[in-house]
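Quick caveat: nothing in here was measured; it's all calculated off a predicted structure.
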Amino acid sequence: SVRTGANAFAHVHGVDVWTYRSQHPQDGAIFDRAMTGISRAVGEAVATAYDFGRFACIIDVGGGQGAFLAQVLAVHRAPRGVVFDQPHVVAGAPALLEAAGIADRCTVREGSFFEAVPEGGDAHVLKGILHDWEDAAAVAILRACRTAIRPDGKVLLIERLIAPPNEAAEAKFSDLNMLVSPGGQERTREEFAALFAAAGLRLAAIVATGTALNVIEGVPV
């Protein structure tokens, strides 16, 4: 990656990380548990910092097994939720939602966010999704959300922000990790604004959460 600027994982394994994990279920299960752990570590802080309670229905796009959405719904008792991800990923969601005590307020949907995402939500949330992808793929995901959201709906990215030089090294190390493993990148405020614009959205606000992650709010234009 340092020599070429290209993704190292695909160079070594011959396939991208998503294909590899689908072909190696044991490794995929380890990854899913890791993502659930990360979501649990930051979920309550994010859910408290941003007013998710104003939404009637929250759709967690690429929501894994539902750990993040479960914490949002635990903090905000009014909304209902939808966990949306690939079939082999959301297979573990019902048990997690049941254990979290919010199964009666949350449904599970299967699919690919490159094709279409569920409609009917006031907010479409993408936590740690866009940093896995290069710009063209990230815009395609956002366009799928733009097609599905209501005129007054919001697209909420839960992501790191790249800071100016010599500040906030963590996001920059994560940027290198994204290049090496999934082939994506962390982004600056301006880069997120450009992605939103390419998908028919406008960057409306960025809310700090007291963690490494921010809530980056996009609205239709």
Side chain to side chain contact (heavy atoms under 4.5 Å, CB included) partners of [X], counting only residues at least two apart:
| X | value |
| --- | --- |
| E191 | Q185, R187, T188 |
| A116 | none |
| A193 | L203 |
| E186 | H131, E159, R160, I162, S174, D175, M178 |

In Å, rounded to the nearest 0.5 Å, how long is the span from [atom1] of [X] to [atom2] of [Y]?
| X | Y | atom1 | atom2 | answer |
| --- | --- | --- | --- | --- |
| R189 | I216 | CZ | CD1 | 9.0 Å |
| I206 | L161 | CD1 | CG | 5.0 Å |
| R143 | L201 | CZ | CG | 10.5 Å |

Closest non-hydrogen atom pair between [X] and [Y], with its separation:
| X | Y | answer |
| --- | --- | --- |
| S1 | A6 | OG-O, 2.8 Å |
| G5 | L179 | O-CD1, 3.5 Å |
| G153 | P220 | O-CD, 3.3 Å |
| P118 | H124 | O-NE2, 2.8 Å |
| G111 | P87 | N-CD, 4.4 Å |
| A103 | E98 | CB-OE1, 3.3 Å |

Pairing residues for H13 by the ring pair (Phe, Tyr, Trp, His ring centres under 6.0 Å) criterion, not counting sequence neighbours:
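With neighbours one apart ignored, the set is F9, Y20.
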
Holding to ring pair (Phe, Tyr, Trp, His ring centres under 6.0 Å), I want the full list of residues that pass it with F173, two or more places apart in sequence or in another chain.
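With neighbours one apart ignored, the set is empty.
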
Would you say [Y] ends up clustered with [X] if hydrophobic residues are merged whenever their side chains have heavy atoms under 4.5 Å apart, either directly or through other cluster members?
| X | Y | value |
| --- | --- | --- |
| W133 | V139 | yes |
| I141 | L156 | no |
| L130 | I149 | yes |
| L213 | V75 | no |
| V90 | L126 | no |

Give a yes or no on whether the backbone of [Y] and the side-chain of [X] come within a donor-acceptor separation of less than 3.5 Å.
| X | Y | value |
| --- | --- | --- |
| N7 | S181 | yes |
| T48 | A45 | no |
| R105 | R77 | yes |

With a 4.5 Å limit on heavy-atom distance, are the side chains of [X] and [Y] in contact?
| X | Y | answer |
| --- | --- | --- |
| P182 | W18 | yes |
| V83 | L96 | no |
| F113 | I129 | yes |
| P79 | L73 | yes |
| D122 | R150 | yes |
| F196 | L157 | yes |
| V72 | V125 | no |

Could you tabulate the donor-acceptor pairs under 3.5 Å formed by side-chain atoms of residues 51-70, not counting sequence neighbours?
from	atom 1	to	atom 2	distance (Å)
D51	OD1	G53	N	3.2
R54	NE	D51	O	3.1
R54	NH2	Y50	OH	2.5
R54	NH2	E217	OE1	3.3

Using the rule given for side chain to side chain contact (heavy atoms under 4.5 Å, CB included), can you reason through V42 versus T209, listing the C-alpha separation, both sets of side-chain angles and the distance that settles it, and then say yes or no?
CA-CA 9 Å; V42 301; T209 66; over 6 Å; no

Using the test side-chain hydrogen bond (donor to acceptor under 3.5 Å, both in side chains), find all partners of T36 that sit at least two apart in sequence or belong to another chain.
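By the side-chain hydrogen bond (donor to acceptor under 3.5 Å, both in side chains) rule, T36 matches no residue at all.
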
With sequence neighbours excluded, residues passing side-chain hydrogen bond (donor to acceptor under 3.5 Å, both in side chains) with D132
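D132 satisfies side-chain hydrogen bond (donor to acceptor under 3.5 Å, both in side chains) with no other residue.
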
Would you say that more than 12 heavy atoms from the other residues, nucleotides or ligands in this model lie under 6.0 Å from the CD of Q23, or not?
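More than 12 heavy atoms, drawn from other residues, nucleotides or ligands, come within 6.0 Å of this atom.
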
Are more than 12 heavy atoms, taken from residues, nucleotides or ligands other than E167, located less than 6.0 Å from that residue's CD atom?
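Atom CD in E167 is packed in, count exceeds 12.
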
Tell me the side chain to side chain donor-acceptor pair (under 3.5 Å) pairs involving residues 84-96, sequence neighbours left out?
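Side chain to side chain donor-acceptor pair (under 3.5 Å) check on residues 84-96 returns no pairs.
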
Once side chain to side chain donor-acceptor pair (under 3.5 Å) is applied, what residue pairs with a partner in residues 109-118 remain, sequence neighbours excluded?
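Non-adjacent pairs meeting side chain to side chain donor-acceptor pair (under 3.5 Å): zero.
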
Could you name each residue pair satisfying salt bridge (charged side-chain N to carboxylate O under 4.0 Å, His left out) that touches residues 201-210, not counting sequence neighbours?
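Residue pairs with at least one partner in residues 201-210: there are none.
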
